[in-house]
Peer 1: 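Once you've had a glance at the structure underneath, I'll fire off some questions.
Each chain gets a letter, A, B and so on, in the order the sequences are listed, and its residues count up from 1. Heavy-atom basis, side chains included; hydrogens, waters and symmetry copies ignored.
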Amino acid sequence: MAPPLRSVQEFLHAPAAGTVVLGGWVEDVRNLGSIAFILVRLRDGTVQVAAKKKADESLFQELTKLTRESVVEIAGKVVENKEARHGREVQPAQLSILSPADTPLPLGVVDKVGVEFDTRLDNRTVDLRKPATRAIFEVRSLLEAGLRHELARLGFIEVHTPKLAGAGAEGGASLFQTDYFGRKAFLSQSPQLYKQMLMATGLDRVYEIAPAFRAEPSDTVRHVTEFTSFDAEMAWIEGQEDVLKVLEAVVAGSLAYVKEKGSAPLGVLGVDPRVPALPLPRLRYPEALEILQAQGKRVRDGQDIDTEGEKILGRAMADKGHEMFFLTEYPTAIKPFYVMAQAEEPEYTWSFDLEYKGDEMASGGQREHRIDALRDSLKRKGLDPAGFEFYLSAFRYGMPPHGGWGLGIDRLTQKMLDLPNIREAILFPHDRNRLVP
RNA sequence: GCCCCGGUGGUCUAGCGGUCUAUGAUCUCGGCCUGUCGAGCCGAGUGCCCGGGUUCGAAUCCCGGCCGGGGCGCCA
């Protein structure tokens, strides 16, 4: 057989009365006795094959015995017909079963009954045959392409840092430990230290889109143990504001990119994400506390804002028309050692979170680039500077002021598409309980 | 990890001490049907998460485990 058509679009452009080969999955077989319809699913839709018993009885038998989701190639003639999908169908001449599907299916691609998410994940390759499931990843791909597009425009280069680490990085989050030829090694929880080290080199605007691993036993719809982190770091900043400006431009630009290029998958999903107007509001930590207080939620100054508080703030800002905003100047006590404390009020930092629809998308800020202050900060957090020599050495021989952020791509995809669970935005999500597939 | 709720054919559900030889749908298999497009009609098939316990009797009650859903903590 000739090479198969790869899409409905190609099928629609094939000459009428000409011969085509359809390659795809058998979505359904409707046998009416003397005529049968076989729906063949291609990447962008289904094409109907209409087989008549009297035309070729043995071919008719073969076609009507096909099990759903089998992979086939069917050669035949293109016939215009008002009653067919797309106004045309295929009159079959030859069938080749490339890969028969077992019955029954673990979940029906076009069944009318619901399927639990866990069953879908156990059978993800079948689940991904649903256009609405696949559309999520088409959008996600565009989102990443949009980020790269904006970052290139702003002079950033893409880098890749080690995912196997010899030492625990930032403290706090638990690390997955593994064996490295008899030595202890850890899966990287973040490229934080490496991307900062690059700021000392002249590669002064870098970003990375890569996996990050957290051994936190978090069990929520917004946590997984393996996620995709979008990190960026930029040198020669004058302050936190320089970082905010870049991040908001990159995120808004990427959303606009998705809307421009992704009308097909967005249509399948029935969502129309808003591109936020810039600049995004900057809500300072003390202001956030005031809003919370006014809503009857007490948070002591210097403490972190809990999930409930975060949701309240999200709603308060949404009421003012902002589904995305920055929460800035967090207390020093609840931030990692590498953030820069404010000179006038050292109990607060030049740091921020990016909030979107009530969830945290990114966190970042200006970093401490003065080695003495950095050493003090490590000690104050109860960490031993000796364990961070490889990192500190980058500061010893000249480090410009710098800042950056880490953003969860999976979360951004989830919230942009209003998905109920971060796992919907990950092909093969891994969490506390799930490691397979 | 903690709190609340749950686990019934391949899938999704009803049942919540005997009336269960377990409901319905979907699915699978077989049959009928020349225009289906959530095809229709007829027939058949497959099941109570695991381990203890209570009871004359457990899908149903109790305990433990595993798994799932929601929430919290933590964060991307």
Peer 1: If we call it a pair only when both distances are under 3.5 Å in a Watson-Crick or G-U wobble match, what pairs with B/C72?
Peer 2: B/G1

Peer 1: With rounding to the closest Å, how many angstrom separate the C1' atoms on B/A58 and B/G17?
Peer 2: 6 Å

Peer 1: Step through the shown structure and confirm whether more than 12 heavy atoms of other residues, nucleotides or ligands are within 6.0 Å of NZ on A/Lys77.
Peer 2: no

Peer 1: Side-chain N or O of A/Ser34 less than 4.0 angstrom from OP1 or OP2 on B/U34?
Peer 2: yes

Peer 1: Report yes or no: is the ring centroid of A/Phe227 under 5.5 Å from the six-membered base ring centroid of B/A76, with the two planes under 30 degrees?
Peer 2: yes

Peer 1: When the P atoms of B/U23 and B/C66 are compared, how many Å lie between them, rounded to an integer?
Peer 2: 33 Å

Peer 1: Between A/Arg411 and B/C75, is there a contact of a side-chain N or O with OP1 or OP2 at under 4.0 Å?
Peer 2: no

Peer 1: Could you please name the partner base of B/C29, counting Watson-Crick and G-U wobble pairs only when both distances are under 3.5 Å?
Peer 2: B/G43

Peer 1: Taking only residues at least two apart or on different chains, which pairs with a member in residues 283-294 of chain A satisfy salt bridge (Lys or Arg N to Asp or Glu O under 4.0 Å)?
Peer 2: A/Arg284-A/Glu329

Peer 1: Between the side-chain atoms of A/Thr307 and the base atoms of B/C72, is any donor-acceptor pair under 3.5 Å?
Peer 2: no

Peer 1: Which residues satisfy the side-chain hydrogen bond (donor to acceptor under 3.5 Å, both in side chains) test with A/Asp306, sequence neighbours excluded?
Peer 2: A/Lys297

Peer 1: Would you check if the side chain of A/Thr178 reaches a backbone N or O of A/Phe186 as a donor-acceptor pair within less than 3.5 Å?
Peer 2: no

Peer 1: Kindly say whether, by distance alone, the side chain of A/Lys54 makes a donor-acceptor pair under 3.5 Å with the base of B/U34?
Peer 2: yes

Peer 1: Output one line per pair: protein atom, nucleotide atom from nucleotides 66-68 of chain B, and distance, for all N/O pairs under 3.5 Å.
Peer 2:
unit_1 : atom_1 : unit_2   : atom_2 : d
B/G68  : OP2    : A/Asn433 : ND2    : 2.8

Peer 1: Are A/Asp304 and A/Lys335 within salt-bridge range, i.e. N to O under 4.0 Å?
Peer 2: no

Peer 1: Can you say whether a donor on the side chain of A/Glu83 sits under 3.5 Å from an acceptor on the base of B/U36, or the other way round?
Peer 2: no

Peer 1: Using a strict 4.0 Å threshold on nitrogen-to-oxygen distance, state whether A/Arg140 and A/Asp410 make a salt bridge.
Peer 2: yes

